[in-house]
Amino acid sequence: MFYGGDYNPEQWPEEIWKQDVALMAEAGVNLVTVGVFSWAKLEPQPGHYEFGWMDAVLDLLFDNGVFIDLATATASPPPWLAKLHPESLPVTEDGVTLWPGGRQQYCPSSPAYRNAAQLLVERIADRYGAHPGLVMWHVNNEFGCHVPACYCDTSAGAFKGWLESRYGSIDVLNEAWGTAFWSQAYGDWDEINPPRRAPTFTNPSQELDFKRFSSDALLECYSMERAIVKGATPQIPVTTNFMGFFKPVDYWKWAQHEDVVSDDSYQDPSAPESPMLSAMRWDLMRSLGSGEPWILMEQASNHVNWRRRNIGKRPGQMRAWSYQAVARGANGIMFFQWRASRGGAEKYHSAMVPHVQPESSRVWQEVKQLGNELKQLDEVLETRGQASVAVVFEWDNWWALEAPSKPAWDLRMMDQVFSYYEPLFAANVPVDFVTPTSDLSSYDVVLVPNLYLTRAGVAENFDNFVHAGGALVVSFFSGIVDERDNVYLGGYPAPLRRLLGITFEEFSAMPPDKRYRIALSDSGSCSSDQWSDPIRLEGAEAIATYEEDWLAGRPAVTMNRWGGGRSFYVGTRLDREGMSWLLEEVVGVPRPNWGFEVPSGVEIIRRSGGERVFTFLINHSDREIEVDIGPGRRNPLTESDHPPRLNLEPFEVAVLAT
Ligand code: GAL
């Protein structure tokens, strides 16, 4: 199990480095990420490299038993690059240049930036590829976090090139973008720009393509660096740190180029929904790597510095959340950063080693305890999670759904995903994320929150899944447009119409404060809001109906028997009770058999492999909770048996091994 954090020794004199490695040994640190923001120190003048200090740092770490996740140092170019190449600076959609003084001030398509990055990475790979401490490459850092897209002239040129290779001819582009509308037809590639600030709504198909292009432009930067380090060291795994559900970057596409997926996660310690949000993003991380272990590359030991109020983690909370990551597939727990900075913009961000004497610090004690505990969990490394429920999630759809000028501006992708994920999380049902064209054959239930953009091949994939006995749940405003964001004509939801056995002729967004009462087939009721498709049955049956207004008596939720399975359509946004009714009572999502009752407030997750089964229980509540686990369950952290009845304190974790 990897344990450690971002190590930035360039911020400190050499005497401190020696204290660092001694403290790392105390805390069980075995991996650090070095060099993320070291470019200016490694190349203080263009073409003039200073590697001596880095040589000393890497040797010192390795000699003291700490392995190295070596960063390529390209995340923050030194100020000299902007001076030499002002055109390498990024520009916003309003035409504002982003200057040095923060970080990440580069245009992803800039040849000057890419060349400088390439030269640096070649030297780093050449110098350190054979270092015995090197176990992982860390390309750049959080691609796109501050500059997800650039609208400068260089980017405009690159966008045109990208469009040319996608569409081949300007006529095809005009057709795809629907430029007959508002006199937008292009006569030549050179007339096209990124969707810069315009008098009113920009063309949504152009916006969608620009999102795809921007994700690809960053991916080109990543791939260029990856090719260099892979060329030098084919055997060393390469990662770049993801940011959960980060809208600007299509992680499905990126993950294919990663040897190991890693995530940076900074949930708000004071928000009650944080454990659910973490669970969800970590299920995504596991799914991006096809179920293989991933690494929690960054988390905070205590508070961050970038919220309006930076609430700290309560005693035990960091440990509980770290175990949550392990339980959901992480084989490494890392922090930003090792030692809290004295100066700079992040000096009030917590770290593993605080500003004060470590021994006097609660946070340091917790950091130390966790690192030493994780050493006991090596057996967990080979185990994996298992899920029989999948949630469909795709970036193209997210981008298209949230482009402006829709029936409801507040129809947000993540809200819709939460509405499915939350009841499953509360019921401790394991979930994977999949794309709409993933192989679905290993799942019993597939949930499809608002697949507005339904591309070619998706309907067939869903059809096969349901035919073979699966249960598919599709929510409203799905199956509306193709991958160009052009509406499917002839009756919504065109490509999914036969499979779902329904149609509707109009959309009906609801006033913001309006709720409908819904009668459920088992004589219960719930409410719904936001949307209400006036569904017509074409083979499906109604399993919930509106009770009010002109829709009274019309179907709100339908079920269609199709082949050996069932497909459901949810034409409105059901409240929490409605979702639980649908998922648990009607669809019947399979709940794992834990072998004992799990009280509410306790999260339970399992990793297994071969003979080994590890069950993690986490009390996320602020009260003590008793769990009757029965006799004979081993605690791998103490190598003794747990008592048959556990008293889980707030944020307490129990690991059961069989
Ligand atoms: C991450 C970043 C780190 C640090 C951290 C602070 O986004 O990768 O370098 O800035 O946030 O929370």
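Both counts, for ligands and for their atoms, begin at 1 and track the order of listing.
- By the ring-ring contact (aromatic ring centres under 6.0 Å, His included) test, Tyr421 is found to be paired with no residue, residues two or more places apart in sequence or in another chain being considered.
- The aromatic rings of Trp252 and Trp395 stand perpendicular to each other, their planes meeting at an angle above 60°, with 30° marking the opposite boundary.
- Side chain of Asn450 to main chain of Arg412: no donor-acceptor pair is present (N/O by atom type, distance under 3.5 Å, no hydrogens or angles).
- In this structure, Arg339 is positioned above the aromatic face of Trp12, its NZ or CZ under 6.0 Å from the six-membered ring centre and within 45° of the axis.
- Listed as neighbours of ligand 1 are Phe37, Arg103, Asn141, Glu142, Asp264, Tyr266, Glu298, Trp306, Phe336, Glu346, His349, each bearing a heavy atom under 4.0 Å from the ligand.
- If you check the side chains of Gln299 and Ser322, you find a donor sitting under 3.5 Å from an acceptor.
- Taking the six-membered ring where the residue is Trp, Phe245 and Trp398 present perpendicular rings, their angle passing 60° and hence far from 30°.
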